[in-house]
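Working notes, beginning with the structure itself.
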There are 2 protein chains.
Amino acid sequence: MVKLESRILDIDYQGVVLNIEDARKIGVLDGDRVQIVRGDKGLFVQAFVVTTKTILPPGIFGIYHKTNERLNSKDGDTFEVRHADRPGSINFIKKKMDNEKLNAEEMKAIVTDIVDDILSPGEISAFIAASYINGLDMDEIEYLTRSMVQTGESLDFSSHPIADKHSIGGVPGNKITLLIVPIIAAGGLKIPKTSSRAITGAGGTADLMEALAPVEFSSTEVARMTEKAGGVIVWGGATNIAPADDKIILYEYPFKIDARGQMLASVMAKKIAVGADLVVIDIPVGNEAKVTTPEEGRKLAREFIELGDRFGIRVECALTYGESPVGHCIGVNLEVREALSVLEGSDFPHSLIQKSLTLAGIVFEMAGKAQSGKGFEMAEEILKSGKALSKMKEIIAVQGGNSDVKSGDLKTGEFSFEVNAPEDGYVIDMKNKALISIARMAGAPHDKGAGIYLHKKRGQRIEKGEPIYTIYAEREWRLEKAIQEARQLMPVLVEGMLIDRVPSDYWRPPMKQ
Amino acid sequence: MVKLESRILDIDYQGVVLNIEDARKIGVLDGDRVQIVRGDKGLFVQAFVVTTKTILPPGIFGIYHKTNERLNSKDGDTFEVRHADRPGSINFIKKKMDNEKLNAEEMKAIVTDIVDDILSPGEISAFIAASYINGLDMDEIEYLTRSMVQTGESLDFSSHPIADKHSIGGVPGNKITLLIVPIIAAGGLKIPKTSSRAITGAGGTADLMEALAPVEFSSTEVARMTEKAGGVIVWGGATNIAPADDKIILYEYPFKIDARGQMLASVMAKKIAVGADLVVIDIPVGNEAKVTTPEEGRKLAREFIELGDRFGIRVECALTYGESPVGHCIGVNLEVREALSVLEGSDFPHSLIQKSLTLAGIVFEMAGKAQSGKGFEMAEEILKSGKALSKMKEIIAVQGGNSDVKSGDLKTGEFSFEVNAPEDGYVIDMKNKALISIARMAGAPHDKGAGIYLHKKRGQRIEKGEPIYTIYAEREWRLEKAIQEARQLMPVLVEGMLIDRVPSDYWRPPMKQ
């Protein structure tokens, strides 16, 4: 153990930098863990070590930004720094690698150490890989879900029921949240919607909403704004709700995996933490969606329902058409423009409106706001009457955005390229993954003006030379990369909406009403 | 793409630090990859990004030490920095996660990207976990082995055969290399032994040898010294021989796994790279060794032999007694003292001498230096005559150590604690893992004077109050931690040595003679 003076390193990384001499005294090597102790504040923080010979002299240690979020140190503070033991959670990860079941305590230990940055990237990644390969059973998924809830904040509301929706993703252009949330809130239900940013997609709902208003709020603010406006659309990553999930997703990202157990836990943990009583889950089904067959979709739906049941939450799942993009747009400003135009009264695109009203209608029926079979009509009335638009403006305002925004204010990038039909014919195929990849190459979601506009969808007649789709970019070299990527045919189809609806077998009155 | 000026960060880490504004211009976030281009030198180096708001201003980027080993930049150089694509090797790792077989090109891509620091810790760890869980078949192991050889340096010798030995580890106190290498070299065979440092053990052979001489040499120096002295004992990590292996081991380390496929590839890649024609492999078998049954040991032996055959190397494996430590000492100076005393003529400990002569004898028989069944005698003669001691001094000298060293010069730590028998009786059990853990707590292998001396071994009579073992440490708090760890009984046994010997079915004359 040695006493060292701190130097803050404003680099968005976790860990501490030790002079090699201090590291030797403590008995640690690069990659080992130390415990940083501040007795007067009762602080014990673990961190990974990197060593230096010259950047910092002996007696001074550097603290990276993410580690300092826990220590709240400033330059010149004094800490005891000592060798930290190997965390026990590593043994539980090893257990999962050896295909054994984890119990509640073991899962909790892993999740806690992920949240507290006690596990290294390599260790977390091994847990993800082991869970993906060996799978998690429903008990383990329950433990994982509960641990994710417990290691984060929860929202508390003055009245219930609280509604929520989730799309498991994998289909581009799925901007339905921008319609569903204002419709549900306008229908008198509270819906504190936390969304994600794009990971592998061309724009997450949080990325879309950010074109209209700030999306980064604390949990307390999310609850306050929801009480006020009835609904919000915020970025979950800023709330400290189920923070383990963001860290887990980081390590799934490179492999584009979305392991079933982690996905179930991640979705339900967030719903539990926001206090939801009833949840509708959108499961797009399609060759290139995350779920490729209706059978697989029904199985996943039953798992969501069972997991919800274990936590007293009523879940319904809607298997939706996921073969091709929802609506005609992919990319932040393009999608937001399309959603706003529907709120403003446009009856185009039909597929987007259809899907949004169906899902909102399910929520109204679950909450008893509409009779069975009448939810769609209720949602439609709210949309057509302009109540959904007013509610959306209210939501934008409560989040600090400009509520005077019009769909026409959302601009595409200045560089564009039209892909035209090479001959006459019907549009016969559409590749979601290719569309996403092209939109990302064009700069989405970082460049808000980047994306794709689809002039035609599958089944439509197109003449030689007519535009099939247009790529937009904010930067010329991005457009060139996207055009390169687009060296493959990408036609489009007319979407029938709901493939199936799986009702909950476990219906009971909302618990917290 | 932007042009940035470099600032070297002497922190033993890989990656670059970008001001957040430059990161936005390039279009990367924390954790993304950039390509650093120096057109005039034809350099293209990939690195991971961390961002800062204050440490570096826009226009300047920081280069961590390990990344700068590739760039060889100094402060103030100008580079183009641009977004780098996701490496294709990630798809092959995903393939392994999905339990598909990898072909030669795919394995090569993964290993190359590990060596070139193009894969992140999380990505490498997922590869390790997937290979551990799903396993590698013999073809994949061959591809992995070949890729490990090709991504590193190889030794070139003026004459053959070249001999080598390897212990797969897991048994404490296994200092036999310090005896075998000088015996084999004194017998007229060249043996360029590259060894490892302790990872989970209390002292690797490289740690032991370092108490006598420097162990860090380039591949060229290893070859030169071997030509001169007949043998060397160096740290493999410094040679750039099969460098992928060191990086893979890093990610196995936390989980204490030693995945079969990776172990086979790692061992054989090093033997191939040093140009070995014949190799003896020591497979300790015991409840707490890596291999727990003779059947498992024979299976592993056959795999080593088959893998060797695929590369034209003759392999024999010796299943040895791994239930308890080899000799009476664990820890750097204690073990080196014990080995030197045997070279100096001591006939104690019998078990250590027995095992070393057996393995050296196998090598002599494989090389045709001794008739079948006469290898042990030849090895014994070399040891008894003092030729092995002279050869060891020659090896110490050629590596730059003090060849006047005597066993008595190796000192134990100044703090010690004797564990005494609580009552009369026979020593009946011995836990390797507990012994290693205690030795590590005491400071081994970092503190060379730390370790354990075993006064008794299993089957020996001990009287109440007699010492069973003594713990040594260089620092008092380390001793206290070790004593805490030692709150469990730890008796000892008399070792019969070789359990079985598995000869090669694939014998043919050495290829490079």
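Proteins come first, then strands; the chains are lettered A, B, ... in the order of their sequence lines, and each starts at number 1. This structure is a prediction, so every number in the text was calculated from the model and none was measured.
Taking NE2 from A:H65 and OG1 from B:T52, the interatomic distance works out to 9.5 Å, rounded to the nearest 0.5 Å.
Heavy atoms of B:Y64 lying under 4.5 Å from chain A belong exclusively to its side chain. For a residue to count as touching a neighbouring chain, one of its non-hydrogen atoms must lie under 4.5 Å from one of that chain's; by this rule B:K66 does not touch chain A. Looking at A:N134, only its side chain comes within 4.5 Å of chain B, counting heavy atoms on both sides. There is no contact between B:I124 and chain A, counting heavy-atom distances below 4.5 Å.
Chosen from A:H446, A:R478, A:M97, the residue pairing most often with chain B at heavy-atom distances under 4.5 Å is A:M97. Taking A:N99, A:D98, A:L9 one by one and counting their heavy-atom pairs under 4.5 Å with chain B, the maximum is reached by A:D98. Counting heavy-atom pairs closer than 4.5 Å to chain A, the top residue among B:L29, B:V17, B:I20 is B:V17.
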Let me see the working for B:R82 and A:W477 under side chain to side chain contact (heavy atoms under 4.5 Å, CB included), right down to the final yes or no.
-> CA-CA 12 Å; B:R82 59 194 187 198; A:W477 68 270; over 6 Å; no

Verdict with supporting geometry, B:D85 and A:K481, side chain to side chain contact (heavy atoms under 4.5 Å, CB included) = CA-CA 11 Å; B:D85 292 338; A:K481 281 202 109 172; 3.4 Å; yes

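Identified by a heavy-atom distance below 4.5 Å to chain B, the contributing residues of residues 54-62 of chain A are A:T54, A:I55, in residue-number order.
Partners of B:D447 according to the side-chain hydrogen bond (donor to acceptor under 3.5 Å, both in side chains) rule, which considers only residues two or more places apart in sequence or in another chain, are B:R475.
Taking all atoms of both residues into account, the shortest heavy-atom contact from B:K53 to A:D10 is N-OD2, 3.3 Å. What you find for B:A129 and A:A129 is that their closest heavy atoms are CB-CB, 4.0 Å.
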